[in-house]
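Note that the coordinates shown come from a computational prediction; the quantities given were computed from them, not determined experimentally. Both ligands and their constituent atoms are indexed starting at 1 by order of listing.
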Amino acid sequence: MSRYVLGFDSSTQSLSAVLLDLDQNRIAAGSSVNFDEDLPEYNTVHGVLPGDDCRVAHAPPLVWVAALDRLFHLMRENAWPLAEVKAVSGSGQQHGSVYLNGKAGSVFGNLDPGKSLAGNLADIFSRTTSPVWMDSSTSAECAQITAGMGGDRAMAEATGSIAFERFTGPQIRKFHRQEPDAYRSTDKVALVSSFMASVLGGELAPIDHGDGAGMNLMDIRTRAWCEQALQSTAPGLRGRLPGPAESWRITGKVNPYFADKYGLAPDALNVIWSGDNPCSLVGLGLFRPGDWSISLGTSDTLFGLMRECRVDVEGQGHVFVAPTGDYMSLICFKNGSLARERVRDAYGLDWDAFSAAIGRVAKGNDKRMMLPYFEPEIVPKVLTPGVRRFDLDAHDVPANCRAVVEAQMMSMRNHSSWMGTRPDRIYATGGASRNAAILQIMADVFQSPVISIAVENSAALGAAFRAAHAWHLHAGSRCSWEAIVEPVLTDMRGSTILPDASAAAIYDELCRKYAVREMEVVGGSART
Ligand code: ADP
Ligand code: XUL
């Protein structure tokens, strides 16, 4: 008989679970429920409610709990050994907020297994929808809160990020301004992560330091709520925010609802949830300051562990708290696979032909360059899209294929310089990480070894690792993060792609040129 932990991931479009076998150090099972397809009665499209204003992105929180019921049902149907589970935790899409009335706490603790979760929880909300991270409708509130904090630099120094539309503080302020009565009747504001942990634990769970750092409300150094940010955001906010707490906090045993209804071990520990990016950090095994990950998905995301708190006072980088108690950086680039696909498709290529084309041009592309803003860009902030080419003929297929990837890697290198370190190794994930030509450019531009890592859902796996870590701590056993994570990840790592040392000088020069070009086109936010 083995011992297990469960890790959930409540993401934008689906809820997933990973079952980790602690004795055999392997993923024993995984499953997922898609909101649009499996729960069409909630009317979500790609996980959010359709509406007239494209800047507004809300989701119904009930769809997430309905998915939790559905997922437990599937786990039981597929004979997952739920009775052997020792601890449970999860990962939530960051920034999204859930508005609870005064009944919520007692309802979480008295769920009726004869009813569905959605039926049990239907009356606990002071706002029936939750703004999620895709919402960009709070520019006015960002400006007001920033003014209250004394400017961008002060805001970033205090909370780890300048004010962002999708961050929770500006979203709370918008709710308070537009629906003051509903705000007044809000007893607690939860994040997606702390809301789901409350359901699983049967009591209101604290917000953890990792996800709390994505609110523009937490002092990133003391990890307590920041009084000035609270004051600048909305009245009476402190009493409405549970936590913040260490990510390994255990609230108690799991809610009896899940034991009675699905056979989950009644004494399994309920570990609070964190945000998906902090969870992914441990899901990919990044425990040393030089360990970075670049996810090449629809967007490209770069993150890495930091021991010291360094903030990006001018730009678009974020600092969150890592599940280990360290810090982590995160930078999102919107024109990732999106841009690579646009170039590939413009020349009617498949990925093999795209990669072969890259190989036909010298490293550095003979100084030909592209600024690849096919869509509005987050980093650097580009609101009006447009591709710029420098000494680059739009008909030159190989040069354009190389130019788009070189541009992306140089932008990542330049815009991560505020972290004050260079990577010792980069773990590449996401759809494009199977492309060796792209990874070679990454290795050459960063002058770092690159290792692809085939983890299906790093956030859910990271949540399972967090559950295992908290369970060991609770048992009094000194088990390091590496000891929990390394045996599971070893088989998932691909071979190492080494940087070509002769390309170092080429890309040093080109990165400087790229920053100048970027500055000319975009303005103030370019740097090397
Ligand atoms: P998401 O961010 O939506 O989870 P994924 O990480 O699954 O995305 O990545 C999907 C993307 O990976 C696709 O949009 C595609 O452009 C890209 N991709 C898939 N295979 C390759 C390849 N061989 N080379 C480059 N890009 C690829
Ligand atoms: C990070 C961010 C997204 C969400 C959804 O700041 O907005 O990565 O966490 O995945």
Problem set entry | Salt bridge Arg360-Asp396, side-chain N to carboxylate O under 4.0 Å | no
Exercise. So, Arg70 and Asp38, do they make that salt bridge, N to O below 4.0 Å?
Worked result: no
Exercise. Once the angle between the rings of Phe167 and His318 is folded into 0 to 90°, is it parallel (under 30°), tilted (30 to 60°) or perpendicular (over 60°)?
Worked result: tilted
Seminar exercise, completed: Residue pairs meeting salt bridge (charged side-chain N to carboxylate O under 4.0 Å, His left out), one or both in residues 151-166, sequence neighbours left out, come to Glu157-Arg221
Exercise. Under 6.0 Å from the six-membered ring centre of Trp351 and within 45° of its axis: does the NZ or CZ of Arg344 meet both?
Worked result: yes
Problem set entry | Residues that Gln13 engages under side-chain contact (heavy atoms from CB on, under 4.5 Å), provided they are two or more places apart | His46
Exercise. Between Asp208 and Ser274, is any side-chain donor less than 3.5 angstrom from a side-chain acceptor?
Worked result: yes
Exercise. Is there a donor in the side chain of Thr159 and an acceptor in the side chain of Asn216, or the other way round, less than 3.5 Å apart?
Worked result: yes
Could you go through ligand 2 and note, for every N or O atom, any protein N or O atom closer than 3.5 angstrom, writing the atom names and distance to 0.1 Å, or 'none'?
| unit_1 | atom_1 | unit_2 | atom_2 | d |
| --- | --- | --- | --- | --- |
| ligand 2 | 6 (O) | His95 | NE2 | 2.7 |
| ligand 2 | 6 (O) | Arg166 | NH2 | 2.8 |
| ligand 2 | 7 (O) | His95 | NE2 | 3.3 |
| ligand 2 | 7 (O) | Arg166 | NE | 2.8 |
| ligand 2 | 8 (O) | Asn277 | ND2 | 3.1 |
| ligand 2 | 9 (O) | Gln94 | N | 3.1 |
| ligand 2 | 9 (O) | Asp276 | OD1 | 2.7 |
| ligand 2 | 9 (O) | Asp276 | OD2 | 3.3 |
| ligand 2 | 9 (O) | Asn277 | ND2 | 3.3 |
| ligand 2 | 10 (O) | Asp276 | OD2 | 2.4 |

Exercise. So, for Gly92 and Val192, which heavy atoms are closest and what is the spacing to 0.1 Å?
Worked result: CA-CG1, 4.4 Å
Seminar exercise, completed: In chain-and-number order, ligand 1 lies under 4.0 Å from a heavy atom of each of Gly297, Thr298, Ser337, Glu341, Trp351, Gly430, Gly431, Ala432, Arg434, Asn435, Ile438
